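In what follows, a single structure is set out as structure tokens and then discussed.
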Amino acid sequence: MSLTAESMLLVHGRIFDGTGNDEIPDGSIWVEGEEIRRVGSADQFDDVDSSVPRIDLGGRFVMPGMTEAHSHLSYFNASSLQDLDMNCTAETTTIYAVLNARTMLRCGYTSAHSFGSLHAVDVSVRNAINSGMVPGPRYVACGRDVLGTAGMIDWNPDHLQLGMDGLAMLADDPWQVRKAIRSIRKSGADTVKVYLDGEGMIESDLPGELSYTQEEASAAADEGHRRNLRMISHARSADAVIMALEAGFDVIGHANYLNDEALARLREQRHRIFVTPAIHWQVGLYANGAEWGFSHSVLDSMGYKEEIAETINSVARMKAAGVRVLPGGDFGLAWTPHGTYAKDLQNFVELFDYTPRETLLAATRDAGALVDFGGKVGTLEAGKFADIVVVDGDPLSDVTVMQDMDKIVTVIKGGKIYHNALPSGPAFDLSATPGLRAEVERRFEAAAE
Ligand SMILES: [Zn+2]
């Protein structure tokens with residue numbers, strides 16, 4: 001058996017493998033190339049050649065890299081919704097997105113599923129990440145949002161003649177909808193988000209006010225699936241959720257309000273559907289929104305208090321029905337800034353009553369199934385991508401530790417070390433050059449001397 005210099009052995013970790021099995025108290029992970037070759041208790045690795053470099057985790061918690069299931073790398077922490085479309089050129093937006101991708105990876109998210117992009121920024125960023133040009137999570141790129149006239153994000157008044165050039169493609173009637181989706185396919189995106197209803201902040205399209213007919217929604221899903229696009233929907237109300245499921249959408253954003261029929265349909269389709277409540281949108285607004293004009297009384301008047309209560313109720317019902325509900329918190333606005341992604345894990349524990357273990361399983365195994373990179377992300381198992389995070393703390397007793405970047409001590413994606421602050425192994429700082437293979441070998445040699 002020949003061992004390449006691309007092997008490494010992580011030893012003495014407390015392994016949470018993301019499969020739902022118990023932790024391995026003293027375990028090792030053998031990485032070869034971009035994949036995991038073996039995971040197990042420390043005594044199962046005696047056959048590994050002594051030439052394979054070891055990194056001693058010192059008993060620290062080690063887990064699969066997480067997946068951010070509702071992300072917007074191209075959003076630049078704008079302080080008003082209108083700013084998203086108006087404030088930045090495509091070129092500047094792209095630079096922000098590259099920086100956001102680096103931040104997301106640094107936070108322990110080795111995969112991400114976009115829920116909408118400005119311009120075609122997602123596609124460029126995904127390609128740059130995949131080619132190794134810039135560090136970032138494995139990324140499912142979304143196209144511009146598709147919606148009808150007076151749909152949720154058609155918010156610029158007509159008399160200003162601004163259109164919605166960066167964020168959205170307006171399409172009415174099934175054939176225009178199909179055309180919009182075809183052009184997104186041409187742009188190279190993996191997914192399309194379609195707005196089926198509105199949002200409390202938008203007076204011209206409130207939650208429950210359906211902005212598409214079933215005919216348009218079904219045309220969208222049919223066209224997208226024909227063109228190999230994953231179809232995601234913005235659906236806050238029960239009627240919008242029912243419309244999405246009837247049309248055959250794959251992912252539902254929000255699902256704040258459910259009735260018995262919506263829940264029954266979700267249960268029926270639970271093996272193929274994913275739901276991202278993105279509740280940090282509301283939570284972040286209550287925590288930070290006053291600075292940008294969203295005082296608690298303003299938020300209450302938009303129905304957010306009721307919406308949070310309803311969402312807690314809906315998530316409990318979905319959880320009981322076995323629906324995969326995923327963390328991912330609409331980060332990228334001023335009140336939900338990039339780098340704070342793990343706050344949504346805290347929301348799952350504190351609002352949705354998930355245990356920390358259930359929350360981490362949702363963020364790893366279940367969200368890994370959503371992004372579906374060949375079934376190779378989300379768990380630490382032989383044959384999976386070596387997407388690995390080491391935590392200096394115990395997220396199973398306090399999930400908020402995941403918010404502290406100093407505690408996310410090691411981030412490995414595809415067997416490549418992007419960040420390592422452990423005393424053992426080569427040092428990498430994601431604010432410096434990412435872990436290119438030759439550089440890893442050089443540093444391993446230097447560390448061994
Ligand atoms: Zn979103």
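Every value quoted in this text rests on a predicted model; they were computed, and no experiment measured them. In listed order, ligands and their atoms are each counted from 1.
Nearest N, O or S atom of His70 to the Zn ion (ligand 1): atom NE2. Closest N/O/S atom of Asp330 to the Zn ion (ligand 1): OD1.
Between Asp330 and His72, the side chains place a donor N or O and an acceptor N or O closer than 3.5 Å (distance only, hydrogens not considered).
Cation-pi geometry between Lys376 and Phe385 is met: the NZ or CZ atom falls under 6.0 Å from the ring centre, inside 45° of the normal. A cation-pi arrangement, defined by a distance under 6.0 Å to the six-membered ring centre and an angle within 45 degrees of its axis, is present between Arg324 and Phe274.
Here His234 fails the criterion, with no N, O or S atom under 2.8 Å of the Zn ion (ligand 1).
Taking the six-membered ring where tryptophan is involved, the planes of His254 and His70 are tilted, since the angle between them lies from 30° to 60°.
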